[in-house]
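Heads up: the structure comes next, in C-alpha cells.
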Amino acid sequence: HVTDRDFRGKATIQIFVGNTLAKQKECPDPPCHEILVIPQGTAGMTMRIRITSIAGEVEEREFVIGLGKNKLLPIELE
C-alpha cells in the first residue's frame, strides 16, 4: 500500500531504483497494482515510488531494498 490519498481518474506510477527509472505505467482508474522484479545487485539501494494524479498531485514513498535475488514486489495504489 503506497498511498492513502484518494486518486480519482488517471494517475501515473513511476518506480525508481537508485536514480534510474525502472518502470512507468499509466493507471487508468485507481486502485492499481503493479509488480516489479527487483534487479540483482541493488540491495541497500533506495527504491522510490512516485504517483502523480491527473490533477498534478504527487505522492512519493521511499524504501530500502533488502537482500535477496529477483524478489517480486507487489505495489498497490489505492
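Sequential numbering from 1 along the given sequence is applied to the chain's residues.
Thr42 pairs by the side-chain hydrogen bond (donor to acceptor under 3.5 Å, both in side chains) definition with nothing, not counting sequence neighbours. Qualifying side-chain hydrogen bond (donor to acceptor under 3.5 Å, both in side chains) partners for Glu62, counting only residues two or more places apart in sequence or in other chains: none.
One hydrophobic cluster, built from ILVMFWY side chains closer than 4.5 Å, cannot hold both Leu21 and Ile49; they sit in different ones. Following chains of ILVMFWY side-chain contacts shorter than 4.5 Å, one cannot reach Phe16 starting from Val37, and the two form parts of different hydrophobic clusters.
When the options Gln24, Glu26, Lys25 are evaluated for a side-chain hydrogen bond (donor to acceptor under 3.5 Å, both in side chains) with Thr12, the one that passes is Glu26.
Expressed to the nearest 0.5 Å, how far CD of Glu59 lies from CD1 of Ile13 amounts to 12.0 Å. The distance from the CD1 atom of Ile15 to the CZ atom of Arg61 is 14.0 Å, given to the nearest 0.5 Å.
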